[in-house]
Amino acid sequence: MIFVRGEPKRYDEWRDAGNAGWGFDDLLPYFKKLEDAPKGTG
């Protein structure tokens, strides 16, 4: 699987549009967890 975070500015725009918790800094810990997730067990 390929994972791309996207541009931080876009997440901040979502937050600023009224979507609390969707700013880049809010989501960064989740992005990092995905990067460290164990490989699939296929």
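Note that the coordinates shown come from a computational prediction; the quantities given were computed from them, not determined experimentally.
Atom CH2 of Trp14 and atom CG of Leu27 lie 8.0 Å apart (nearest 0.5 Å). Atom CZ of Arg15 is separated from atom CH2 of Trp22 by 13.5 Å, given to the nearest 0.5 angstrom.
Contact record, Tyr11 with Phe24: CB-N, 3.5 Å, taken as the closest heavy-atom pair.
A donor-acceptor contact shorter than 3.5 Å is absent between the side chain of Asp12 and the backbone of Lys9.
The residues Lys32 and Glu35 are annotated as not salt-bridged, no charged nitrogen and carboxylate oxygen being separated by less than 4.0 angstrom.
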